K.L.:
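Submitted below is the structure of interest, expressed as structure tokens.
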Amino acid sequence: MKRNAVGCGGCLLSMVGALAATGLWLSSARTRVHLGGGFENEGMDLSVLVTELPLVFLAGAALPALAHALLARALGGRRGASDDHR
């Protein structure tokens with residue numbers, strides 16, 4: 001039961017990280033210019049939605065999940081093969 005809770009916590013942390021990274025990316029001045037915030041849409045480039053946005057979303061999901069896995073491993077310690085089947 002404890003492993004399920006830890007796994008759900010990691011998934012939740014990953015989802016929050018992906019949404020936070022996407023929100024931070026959308027609020028940056030550079031992104032606003034690319035999405036039409038420049039003077040008379042100067043410098044508008046919608047290709048960032050295809051190139052940058054997926055990478056930001058994946059990095060925002062992967063980094064918290066990796067940190068959670070490392071922290072859970074460090075706090076949980078190494079288990080033997082017999083402990084995995086409980």
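Computed from a prediction, not measured in an experiment: that's the story for all the values here.
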K.L.:
Name all pairs fulfilling the salt bridge (Lys or Arg N to Asp or Glu O under 4.0 Å) condition that reach into residues 61-71, sequence neighbours left out, sorted by first residue then second.
P.N.:
none
K.L.:
Among Ile, Leu, Val, Met, Phe, Trp and Tyr joined by side-chain contacts under 4.5 Å, find the other residues sharing a cluster with Leu66 and list them by chain and number.
P.N.:
Leu70
K.L.:
Any side-chain to backbone donor/acceptor pair from Arg32 onto Leu26? Under 3.5 Å, distance only.
P.N.:
no
K.L.:
Keeping to residues at least two apart or across chains, list the salt bridge (Lys or Arg N to Asp or Glu O under 4.0 Å) pairs with something in residues 59-68.
P.N.:
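Qualifying pairs, neighbours excluded: none.
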K.L.:
Is the shortest heavy-atom distance from the side chain of Leu53 to the side chain of Val48 under 4.5 Å?
P.N.:
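No. Closest side-chain heavy atoms not under 4.5 Å.
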K.L.:
Side chain to side chain donor-acceptor pair (under 3.5 Å) with Ser28: which residues, sequence neighbours excluded?
P.N.:
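Side chain to side chain donor-acceptor pair (under 3.5 Å) check on Ser28 returns Thr31.
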K.L.:
Are Leu46 and Leu55 connected in a single hydrophobic cluster, I mean Ile/Leu/Val/Met/Phe/Trp/Tyr linked by side-chain heavy atoms less than 4.5 Å apart?
P.N.:
no
K.L.:
Taking salt bridge (Lys or Arg N to Asp or Glu O under 4.0 Å) as the cut-off, I'd like each qualifying pair that reaches into residues 46-63, sequence neighbours left out, listed once.
P.N.:
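Found Arg30-Glu52.
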K.L.:
The criterion is side chain to side chain donor-acceptor pair (under 3.5 Å); which residues satisfy it with Ser47, sequence neighbours excluded?
P.N.:
Asp45
K.L.:
Can you tell me how far CG of Leu75 sits from CG of Leu71, rounded to the nearest 0.5 angstrom?
P.N.:
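Rounded to the nearest 0.5 Å, the CG-CG separation comes to 4.5 Å.
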K.L.:
Which Ile, Leu, Val, Met, Phe, Trp or Tyr residues join Leu58 in one cluster when any pair of side-chain heavy atoms under 4.5 Å counts as a link?
P.N.:
none
K.L.:
Under 3.5 Å, which donor-acceptor pairs link side chains of residues 7-22 to any protein atom two or more places apart or in another chain?
P.N.:
residue	atom	partner	partner atom	Å
Ser14	OG	Ala61	O	2.8
Thr22	OG1	Ala18	O	2.8

K.L.:
Can you get from Leu24 to Phe57 by hopping between Ile, Leu, Val, Met, Phe, Trp and Tyr side chains that sit under 4.5 Å apart?
P.N.:
no
